[in-house]
Amino acid sequence: MNYTPEQRAMWDRAVENFRATLTAPAFDMWIKPLKLYAVTDSEILVVCDDPRTPIEIARHMMPRLSAMLQADFGRGHTLRLLDQRQLEEQANALKSTMLIERYTFENFIVGPSNNLAYAASLAVAEQPSDAYNPLFIYGDVGLGKTHLMNAIGNYILRQDPMARVLLTTSEHFTNELIEKIRNKRGDEMRNKMRSVDVLMVDDIQFLARTTVSQEEFFHTFNDLYLSGKQIVISSDRPPHELPTLEERLRSRFGSGLIVDIGKPDFETRVAIIRHKAEEDYIDLPSDAAQFIAAHFDRSIRELEGALTRVSAKSRLLGYPITLELTEEALRELVQTQDTRVVTPSAIIQTVAQQYDVRPEDILGKKRNQEVVVPRQISIYICRELTELSTVAIGREFGNRDHTTIMHSCEKVAGQMKGDAQFRRRVEELIDRVKGN
Ligand code: ADP
Ligand code: MG
């Protein structure tokens, strides 16, 4: 719905008042077919659901009807009659243009690593606004967040083709907002965002730090949330680890359901590869599928990449896929995976990226929480994964004293003991460093 129950009541009242001023046939002909479509910050949008009604004549009624409406809605609202074409445009503008149709629940393989995220997403798709709101899905890149969000959107649209589902990324949101504001069309953006039934924002970790984006996003989020619209958010980390996000936004996210997607286990990886091969009509023997699953365990995107490579090789050579051909096609990738050398700078790079800070900040002197945490984690991982002494690590980390290094390691180790989520975070970083 694009209007509140109060707005609906105001509309009904104005129409009733208007009825008293017209003959019954005139009312039936001109006013009755008008239906309230949406109320925005500045407009009352109305559609005419009888194509035979002479729109021109209906238009003659508009000034009077408009005056009636303004008595309730206030002078700031103007009445606008949308014709069929405008209505379609409006509906299309609201409907996501970004939904990827092939991402559905049917082709999402479920395993222990993602069954919670899957079940929550399906529940939201079946009962938007009623199941879990907001739904916050987090996990590393390439594990299926975007897939699930599209699946939610596609499912809802299949049930109700008129539903207004908007899937956007936080980058896209920020860019569009900045452009609209520059062109003094901020209202347009606001109206668009606020008239959706389901808002999904992918990769919220990239929401710009600029106050205006956060402010705008917060208000949109709040408006939608308070009017009972479904909101789905994805991120590469849980809300409390989003340092660039304002506290009030973070706590809002925390008020719904938070689910994570982990790395798929071996069985799930095999199932996914099999499924992909089937979808693409690739004849993939079992041992080849297992070889791929055994060697590519970081993300599903990586699995897909490996499969593509194997099938390309088979097509180019004109040979069927065998275990030998698979090993051959993936040899380079597998070797570089296994023999990567872990260096302090690779560690810093990885951790910095994960925490959205600059490597220079990790090496630098700043002492705010945003950089201290990733700095201590980097130091800890260095101690764990390299042969370097605390003195040598201190040198690598902007000439810090070896006692500082020891303190950092103890701090992180201590927190890992007490905080399971934090421990998992660090372990994931370690995996990632090893793999990079
Ligand atoms: P993310 O948004 O978490 O980075 P994506 O949703 O883009 O990851 O997933 C990366 C690729 O892996 C996509 O092609 C997606 O279809 C596929 N994928 C992810 N999870 C699954 C799954 N459980 N079953 C099948 N394909 C999956
Ligand atoms: Mg994604």
Side-chain angles (χ1 to χ4, degrees), residues 96 98-125 135-155 165-175 199-207 231-239 241-242 258-282 284 289 292-293 295-312 350 353-354 356 424-425 428-429 431-432 435-436:
S96 167
M98 292 179 69
L99 280 188
I100 302 170
E101 276 178 35
R102 74 193 141 80
Y103 287 167
T104 61
F105 287 118
E106 288 81 30
N107 60 23
F108 189 85
I109 306 293
V110 184
S113 59
N114 60 23
N115 58 355
L116 262 184
Y118 170 85
S121 301
L122 187 59
V124 160
L135 174 63
F136 191 105
I137 306 173
Y138 74 91
D140 276 338
V141 78
L143 296 180
K145 302 181 296 294
T146 300
H147 187 132
L148 280 178
M149 291 178 116
N150 279 281
I152 293 174
N154 288 322
Y155 188 102
V165 175
L166 182 68
L167 171 58
T168 183
T169 63
S170 57
E171 272 174 313
H172 193 262
F173 173 84
T174 307
N175 291 342
L199 172 67
M200 296 191 277
V201 184
D202 204 357
D203 289 325
I204 196 78
Q205 72 272 14
F206 296 128
L207 185 67
I231 296 169
V232 183
I233 307 278
S234 85
S235 165
D236 66 349
R237 65 202 94 167
E241 285 180 32
L242 285 164
I258 302 174
V259 287
D260 71 335
I261 300 193
K263 290 192 184 70
D265 60 14
F266 179 73
E267 302 296 318
T268 313
R269 297 202 296 277
V270 173
I272 290 173
I273 296 174
R274 286 232 171 93
H275 178 80
K276 299 273 169 205
E278 220 166 88
E279 264 187 345
D280 296 346
Y281 304 104
I282 298 170
L284 185 71
I292 299 176
H295 287 88
F296 297 85
D297 59 0
R298 275 179 304 171
S299 85
I300 294 164
R301 181 158 300 134
E302 200 183 65
L303 279 180
E304 290 178 347
L307 177 62
T308 305
R309 211 172 153 124
V310 171
S311 95
T350 307
Q353 195 188 3
Q354 189 72 12
D356 201 20
R424 204 142 44 95
R425 194 93 224 141
E428 273 172 26
L429 276 166
D431 279 347
R432 198 181 280 202
N436 272 336

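Counting starts at 1 for both ligands and their atoms, following the listed order.
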Return a yes/no value for [X]: is any of its N or O atoms, backbone included, closer than 3.5 angstrom to an N or O of ligand 1?
{"X": "Leu143", "value": "yes"}
{"X": "Ile109", "value": "yes"}
{"X": "Arg301", "value": "yes"}
{"X": "Val141", "value": "no"}

field: Test side-chain hydrogen bond (donor to acceptor under 3.5 Å, both in side chains) applied to Glu428 - qualifying residues, sequence neighbours left out
entry: none
By side-chain hydrogen bond (donor to acceptor under 3.5 Å, both in side chains) - contacts of Glu106 (at least two apart): Thr104
message: With a sphere of 6.0 Å drawn around CD of Glu279, does it hold more than 12 non-hydrogen atoms of other residues, nucleotides or ligands?
response: yes
Sub-4.0 Å heavy-atom approach of [X] to ligand 1:
{"X": "Asn107", "result": "yes"}
{"X": "Gly142", "result": "yes"}
{"X": "Met149", "result": "no"}

Please state which protein non-hydrogen atom is closest to [atom] and give its distance, to 0.1 Å?
{"atom": "atom 15 (C) of ligand 1", "value": "His147 ND1, 3.4 Å"}
{"atom": "atom 17 (C) of ligand 1", "value": "Glu304 OE2, 3.2 Å"}
{"atom": "atom 26 (N) of ligand 1", "value": "Lys276 NZ, 3.1 Å"}

Single hit among Leu99, Ile100, Leu167 for side-chain contact (heavy atoms from CB on, under 4.5 Å) with Met149: Leu167
Of all pairs that satisfy salt bridge (Lys or Arg N to Asp or Glu O under 4.0 Å), the ones with a partner from residues 138-154, not counting sequence neighbours: Asp140-Arg432
query: Would you call the rings of Phe105 and Tyr155 parallel, tilted or perpendicular if under 30° counts as parallel and over 60° as perpendicular?
result: perpendicular
To the nearest 0.5 angstrom, please state how far the [atom1] atom of [X] sits from the [atom2] atom of [Y].
{"X": "Ser234", "Y": "Leu143", "atom1": "OG", "atom2": "CG", "value": "11.5 Å"}
{"X": "Asp202", "Y": "His172", "atom1": "CG", "atom2": "NE2", "value": "12.5 Å"}
{"X": "Ile137", "Y": "Thr146", "atom1": "CD1", "atom2": "OG1", "value": "9.5 Å"}

- request: Number the atoms of ligand 1 from 1 as they appear, then name those within less than 4.0 Å of a heavy atom of Asn114, with their elements.
  value: 23 (N)
Do you know the tightest heavy-atom contact between [X] and [Y]?
{"X": "Ala293", "Y": "Val270", "value": "CB-CG2, 3.5 Å"}
{"X": "Ile109", "Y": "Ala271", "value": "CG2-CB, 3.8 Å"}
{"X": "Ala277", "Y": "Leu307", "value": "N-CD2, 3.8 Å"}

- request: For the pair Gln205 (side chain) and Asp236 (backbone), establish whether a donor and an acceptor sit closer than 3.5 Å, ignoring hydrogens and angles.
  value: yes
- prompt: In total, how many protein N/O/S atoms does one find closer than 2.8 Å to the Mg ion (ligand 2)?
  reply: 1
message: Looking at non-hydrogen atoms alone, which of Asn115, Leu303, Thr146, Ile300 comes nearest to atom 12 (O) of ligand 1?
response: Ile300
field: Proximal candidate to atom 19 (C) of ligand 1 [heavy atom criterion; set Ala271, Ser235, Gly144]
entry: Gly144
message: Side chain, backbone, both or neither: which applies to Tyr103 and ligand 1 if a contact is any heavy-atom pair less than 4.0 Å apart?
response: side chain
